[in-house]
Asker: 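The following block contains the structure, expressed as structure tokens.
All values below were derived from every heavy atom in this structure, side-chain atoms included, with hydrogens, water molecules and symmetry-related copies excluded. Chain letters run A, B, ... following the sequence lines, proteins first, then strands; residues in each count from 1.
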Amino acid sequence: MKRLFTGWSWIPWLTYGAAAGLSVALVLIAGGSPAASARALIESSVLSAPALGESLSRLTGILFSALAAVLAFRGGVLNIGIEGQFLMGGIAAAAIGPMTGLGAASMPLALLASALAGALACLPAAWLSESRGVPPVLSTILLNLVFAAAVTWAVRGPLRDPAGDYPQSRPIPDEQAISTMVPGTRITPAPFLALAAAAGLAVFLWKTSPGLKLRAAGDSPLAAKSAGLSDVKIRTWVFLGSGGLAGLGGGLEVLSVTRRLYDPFATGTGYSGIAAALLGATDPLGAILSSFFLAALGAGSRAMEREAGVPAAIATIIPALAVLAVLTHRAWRERGQ
Amino acid sequence: MPGILETTLLLSVPLLLAAAGELVLERSGSLQIGMEGTMLTGAFVAFAIVHAGKSPGAGLWGAVAAGLLSGALFALFAIVLRADPILTGTAWNLLAAGSTAFGYELIAGKTGAVLELPSLPVVVMGLPWAGLAAFAFPVILHIFFSRTRPGLVLGAAGETPMAVRAQGYSVAGVRSLASLFSGALSGAGGAVLTLSISHTFVEGLTAGRGFLALGIVVFARWRPLALLPATLLVAGATALQYRLQAGGSTQIPYAVFIALPSLLSLAALAVATSRRGAPKALGTPAP
């Protein structure tokens, strides 16, 4: 019997099987045909240029959030506040255009501001963590609520579009927005920027000396400290970098997808990013695959609902089940060590 | 329109139930950030049961059962299998958000119509009996932690788990029981939200209340009796916000009130000179 539980173990694979089985069961419970659902899902997420555009438009926010999570988790910072940092990036991007009146030149400025806003949004949590010993988990969750309230305030107050009845920001004019590259689709340069950021983060983490130090500090803070690395400095930079990536994601969401800020805005994107990071083995390149999977699932689920009668919310359930399977797998692997 | 005091008391109930449950779990050394998901699950199950023609009381107990199951799932993954509790909680929030939206659409369709539900019977001051129980929990828990042996063991599991193990108790067992309790209370909190406050269910009904309850536990510095003033302050701010909104007053932006509870909790964290009050073994795996 003992051999069954040591070495290559079948237990984790059982959890992946259970996650897949449950997903199919949900389709059946909803009265849908698994084959028809899968067909609708694939057709409306990757099989045509407009479908691919829809998936790619969803990829930007998720991938930037996932990269924010990868950087934070690799550096040993449990940043659960990506959701809020993403929102602050969105606010910054929606504010810069109308405020500066620079026209087309405001776009890069808006991106810079959104990254900066996301990084600044981490400062309270970083400070509480390093000088007050408050776990970042608690402070970032609370800050998520504060930043969601900031969106509520911004779209009703300073950023409100006076032309409309709804509390939302003014639309981003074409020349300041990131527009489509392929007419008739939603394919913009934004998702490719996210892919480039993923490649950049991979190089940084695996091929540079600061990346090595960061991973060392994340893997074992004590060892890193005794090797003469400043763990506080590293963790603070990791926090700021993670927030910057999340903020950039929020800014690109406003500039390339929604063209406005409204309330609630892109709910759950930050949390989906955390899921994508875990599904992608906390690796920037893995995060590309998992984020695309989540984005395609989100894009295809609407068609699945229309054509197979399966509620689109299944696009949130499947990644959550998969994450639970991955967490079990990881826990099992660490138990063996 | 009920008075501001009644509104405050009623809005306190879900927060108080969830915060009391989470306080017990955190004092045992575990940390579940997925109460938002558990509350949402309780809220949905209560809706589904009452919508199917059963009584609001049955809806409440169904939500408690769903909460117990949620607590058991968290215990299985985060305590027994030792998966990361924070990430398990994050996944649980996503799973609950997705599943309740999925279930709601299967039951209610895509009509967008609001399905009004009957309320839990009111006992006193606009509160159902579950509401009265909610106000009793801080006192009961205070006695539990300071005067009873199980309470001392549970608290010790969060401070010095090795010592608890040396005494022959299973730390994972203690924390799992705490997780069941916490789940049941969060589920009940969700049911009260559906049945006595909103009188219906919508996607994402809890709107961050589970996270707020987490903040309230911190704000109360992990002391059961302090849950009462902390919750009343938070609920009072929300009730005041409703009142100002209904009165059309725009003197204070209502976002300030939404942010106020979290800001208060953050301020409480910033002012404290150390993590005094937080269980020393909070979030560490059971030995």
Asker: So which of I274(A), N144(A), L145(A), T152(A) has the biggest tally of heavy-atom pairs under 4.5 Å with chain B?
Answerer: L145(A)
Asker: Using non-hydrogen atoms and a 4.5 Å limit, figure out which bit of L260(B) sits close to chain A: side chain, backbone, both or neither.
Answerer: neither
Asker: Would you mind checking which part of I86(B) comes under 4.5 Å of any heavy atom in chain A, side chain (CB onward), backbone (N, CA, C, O), both or neither?
Answerer: side chain
Asker: A side-chain contact here means heavy atoms from C-beta on lying under 4.5 Å apart; do L324(A) and F77(B) qualify?
Answerer: yes
Asker: Keeping R82(B) on the side-chain end and A331(A) on the backbone end, is there a donor-acceptor pair under 3.5 Å?
Answerer: no
Asker: Could you look at F73(A) and say if it's the side chain, the backbone, both or neither that has a heavy atom under 4.5 Å from chain B?
Answerer: side chain
Asker: If you define the side chain from C-beta out and look only at heavy atoms, does anything of F102(B) sit under 4.5 Å from I317(A)?
Answerer: yes
Asker: Roughly how far, to the nearest 0.5 Å, is OG1 of T90(B) from CD1 of I80(A)?
Answerer: 4.0 Å
Asker: Measure the CG-CG distance between L81(B) and L327(A) for me, rounded to the nearest 0.5 Å.
Answerer: 10.5 Å
Asker: Is it the side chain or the backbone of L95(B) that comes within 4.5 Å of chain A heavy atoms, both, or neither?
Answerer: both
Asker: When heavy-atom pairs shorter than 4.5 Å are enumerated against chain B, which of P311(A), A320(A), A154(A), A149(A) gives the highest number?
Answerer: P311(A)
Asker: As an exercise, state the distance from CD of E36(B) to CD1 of I141(A), rounded to the nearest 0.5 Å.
Answerer: 9.5 Å
Asker: Out of curiosity, L138(A) CG to L282(B) CG, how far, rounded to the nearest 0.5 Å?
Answerer: 7.0 Å
Asker: Roughly how far apart are L266(B) CG and L143(A) CG, rounded to 0.5 Å?
Answerer: 5.0 Å
Asker: Which bit of S99(B) is near chain A, if near means a heavy-atom gap under 4.5 Å: side chain, backbone, both or neither?
Answerer: both
Asker: Looking at every non-hydrogen atom in both residues, tell me the closest pair between L87(B) and R330(A) and how far apart they are.
Answerer: CD1-NH2, 3.9 Å
Asker: At their closest point, which heavy atom of A275(A) faces which heavy atom of L94(B), and how far apart are they?
Answerer: CB-CD1, 3.8 Å
Asker: Please identify, among I318(A), D263(A), I314(A), V323(A), the residue contributing the most non-hydrogen atom pairs under 4.5 Å to chain B.
Answerer: I314(A)
Asker: Give me the atom names and distance for the closest heavy-atom approach of V146(A) to S262(B).
Answerer: CG2-CB, 3.6 Å
Asker: Looking only at non-hydrogen atoms, find the nearest pair between G98(B) and T316(A) and report the distance.
Answerer: CA-CB, 3.8 Å
Asker: Do N93(B) and Y271(A) touch side chain to side chain, with heavy atoms closer than 4.5 Å?
Answerer: no
